[in-house]
There are 2 protein chains.
Amino acid sequence: MPTVSSEELAAAAGVNSAKLRKDFSYLGSYGTRGVGYDVEYLVYQISRELGLTQDWPVVIVGIGNLGAALANYGGFASRGFRVAALIDADAAMAGKPVAGIPVQHTDDLEKIIKDNGVSIGVIATPAGAAQQVCDRLVAAGVTSILNFAPTVLSVPDGVDVRKVDLSIELQILAFHEQRKAGEEAASDGAGPAAVTREESARSADQGPDGDVPAVMPA
Amino acid sequence: MPTVSSEELAAAAGVNSAKLRKDFSYLGSYGTRGVGYDVEYLVYQISRELGLTQDWPVVIVGIGNLGAALANYGGFASRGFRVAALIDADAAMAGKPVAGIPVQHTDDLEKIIKDNGVSIGVIATPAGAAQQVCDRLVAAGVTSILNFAPTVLSVPDGVDVRKVDLSIELQILAFHEQRKAGEEAASDGAGPAAVTREESARSADQGPDGDVPAVMPA
DNA sequence: ATGTCTTTGTGAACGCGTGCACAAAGATGG
DNA sequence: CCATCTTTGTGCACGCGTTCACAAAGACAT
Ligand SMILES: NC(=O)c1ccc[n+]([C@@H]2O[C@H](COP(=O)([O-])OP(=O)(O)OC[C@H]3O[C@@H](n4cnc5c(N)ncnc54)[C@H](O)[C@@H]3O)[C@@H](O)[C@H]2O)c1
Ligand SMILES: NC(=O)c1ccc[n+]([C@@H]2O[C@H](COP(=O)([O-])OP(=O)(O)OC[C@H]3O[C@@H](n4cnc5c(N)ncnc54)[C@H](O)[C@@H]3O)[C@@H](O)[C@H]2O)c1
């Protein structure tokens, strides 16, 4: 029976072994003292807890550049997500297949959601249409939304929204980039417009990962 | 002079006003007691600290479905990011314009980076090519990478990598979705067939905002 | 000037996640 | 069956970020 110790796993993941064990303990006591964790059993337990043993139908709304790329992306299926339908407001697209899936018109949105038992929706429409699309998805029964449009969606309680904002990802990189430049040469004439930098006493930087600034300028 | 109080801003952003004030205080004392913050001045100070007053040239490597969508995305320019070049390994694409920008061949990658003073690179190649592309970008001087390929990139110290993993975004939604369903009906017959997934248990990366649950109590 | 009123800036308390350290569990060998 | 050795599971302490609470600063009216 192949096993792994918390020490091995922790080293591979780059985390503390005690934290890893404590995390696992929330799932139950699946380890064997003196031996470690049964790999297969552990994988199954984690998969089940994370919902990976289920198959989740999703719909993508807004089949433009991004929506089409998502539809073509094979990485979803391998994680248990199935693109149940593609929806767009453009009547000219209706019926035309993208990634082998025929695009359907927004008129049928509610029916599509219900027929497929969809609870997860992806919004890839222009920002202006996002809230409206969101409202229709929620009204039709969708309770989880992945939003690519640069808008903050308002939803009722019980509905989860995750926003993917690629500009913010770049901004976070640029922020750290700026710091790097500022550290090696405090008096640096770089930059087009004269950037006047005063001292800034910010607290500890989060190492590997980053956070999102709470408030952003326009 | 238009002003805002920390209370107003906090309410709009959905955060605690004391935290907001303390955050602002790290930038300096830009508020006026009894009045609030001068909006225009505050926006400028935050923009400057975040690096939004600078113009950042970026290159996109891998102009497929996703890369092309990114190239066409207008949201980057409005945040101070300029697509300096598009790079692909496919010789047939060389010279053909995408989003008005001619695609260049990977052979010229190093020269493109240096000529444009690029420090931020976006990788949208297949997973198999990502590490190799990453290495070349870093060697050419890139110190920040936004990675869309489903691979963990290893980079030397001083180089930042942010990974955008859309499958994980969906998984997080599915996880919460499962909890919602599990609460109203505790006794569930579990998934269809017992799915045995062979993979390692990797700790999830951070998302733009919300948190990735390490593990949750059962 | 002086007083009042609003809002900032921040010291201090609180809560929570992380890591340490170890007793208990169980395997393994004699 | 007992001794030893490995590794889990977890109580406890530490550190850090968040929140509370309030003195001080400044605007504004009188
Ligand atoms: N392309 C990117 O890389 C990128 C990156 C980040 C964010 N985004 C955002 O993602 C969204 C889509 O980007 P895109 O480049 O694919 O845009 P796009 O214009 O190519 O596609 C938008 C699609 O949405 C459809 N649409 C419009 N209104 C609709 C509605 N009410 N219901 C259903 N469909 C509707 C349009 O017919 C079109 O097919 C935008 O909000 C954009 O800001 C895109
Ligand atoms: N499409 C999506 O929605 C999506 C979502 C998440 C992640 N991803 C990931 O993003 C990456 C790109 O996805 P895609 O759908 O655009 O794939 P794609 O196959 O459409 O495009 C890949 C492009 O990369 C180019 N390429 C290959 N090797 C290269 C190299 N060594 N140097 C430079 N260019 C090279 C190819 O010529 C092609 O144009 C993949 O790793 C994919 O897993 C895509």
Side-chain angles (χ1 to χ4, degrees), chain A residues 1-46 49 172 175-176 198-217, chain B residues 1-46 49-50 172 175-176 200-218:
Chain A
M1 182 177 80
T3 60
V4 276
S5 69
S6 62
E7 207 65 55
E8 293 174 277
L9 278 178
V15 299
N16 183 284
S17 66
K19 172 169 161 54
L20 191 141
R21 284 199 299 278
K22 186 161 286 186
D23 283 354
F24 282 3
S25 74
Y26 288 114
L27 305 179
S29 291
Y30 299 138
T32 304
R33 298 178 189 222
V35 177
Y37 298 89
D38 173 20
V39 172
E40 190 181 359
Y41 189 54
L42 181 64
V43 166
Y44 170 71
Q45 289 297 343
I46 295 176
E49 185 68 22
I172 293 170
F175 175 75
H176 292 301
E198 298 168 8
E199 59 79 33
S200 60
R202 295 195 83 263
S203 51
D205 240 20
Q206 69 295 328
D209 307 333
D211 242 18
V212 180
V215 185
M216 300 284 299
Chain B
M1 182 178 81
T3 60
V4 276
S5 69
S6 63
E7 206 65 55
E8 294 173 276
L9 278 178
V15 298
N16 184 284
S17 66
K19 172 170 163 50
L20 192 141
R21 284 198 299 279
K22 185 160 284 186
D23 283 353
F24 283 4
S25 75
Y26 288 113
L27 306 178
S29 291
Y30 299 138
T32 305
R33 298 177 188 223
V35 177
Y37 299 88
D38 173 20
V39 172
E40 190 180 0
Y41 189 55
L42 181 64
V43 166
Y44 169 71
Q45 289 297 344
I46 294 176
E49 185 67 22
L50 295 182
I172 294 170
F175 175 75
H176 292 302
S200 63
R202 292 195 55 264
S203 68
D205 258 14
Q206 86 298 332
D209 59 331
D211 54 319
V212 181
V215 188
M216 305 285 292

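Bear in mind that the values here come from a model prediction, so they are computed numbers and not experimental data.
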So A:Y41 and A:Y30, do their side chains get closer than 4.5 Å, heavy atoms only?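 Yes, side chains in contact.
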A side-chain contact here means heavy atoms from C-beta on lying under 4.5 Å apart; do A:L42 and A:L9 qualify? yes
Output the rounded distance in Å from [atom1] ([X]) to [atom2] ([N]).
{"X": "B:E8", "N": "C:dT7", "atom1": "CD", "atom2": "P", "value": "8 Å"}
{"X": "A:E7", "N": "D:dT6", "atom1": "CD", "atom2": "C1'", "value": "12 Å"}
{"X": "A:F24", "N": "D:dT7", "atom1": "CZ", "atom2": "P", "value": "16 Å"}
{"X": "B:D23", "N": "C:dT10", "atom1": "CG", "atom2": "C1'", "value": "13 Å"}
{"X": "A:L42", "N": "D:dT8", "atom1": "CG", "atom2": "P", "value": "11 Å"}
{"X": "B:Y37", "N": "D:dA27", "atom1": "OH", "atom2": "P", "value": "15 Å"}
{"X": "B:M1", "N": "D:dA27", "atom1": "CE", "atom2": "C1'", "value": "11 Å"}

When you check the phosphate oxygens OP1 and OP2 of C:dG17, does a side-chain N or O of A:Y26 lie under 4.0 Å from one of them?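 False: A:Y26 side-chain N/O out of range (4.0 Å or more) of C:dG17 OP1/OP2.
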To the nearest 0.5 Å, tell me how far A:N16 CG sits from A:E7 CD. 8.0 Å
For [X], side-chain contact (heavy atoms from CB on, under 4.5 Å) partners two or more places apart:
{"X": "A:T3", "result": "A:M1, A:V35"}
{"X": "A:S6", "result": "A:S17, A:L20, A:R21, A:Y37"}
{"X": "B:E40", "result": "B:D38"}

Just to be sure I understand the rule, does B:S6 reach a base, reach only the sugar-phosphate, or reach nothing, if contact means heavy atoms closer than 4.0 Å? sugar-phosphate
Quick check on the helix from C:dA1-D:dT30 to C:dG30-D:dC1: what's the angle between its two end axes, five base pairs per end, to the nearest 10°?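 End axes: 10° apart.
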Between the protein and nucleotides 19-21 of chain C, which nitrogen or oxygen pairs come in under 3.5 angstrom?
unit_1, atom_1, unit_2, atom_2, d
C:dG19, O6, A:K22, NZ, 2.7
C:dC20, OP2, A:N16, ND2, 3.0
C:dA21, N6, A:R21, NH2, 3.3

B/S/- contact track for nucleotides 25-30 of chain C, protein heavy atom under 4.0 Å: B-S---
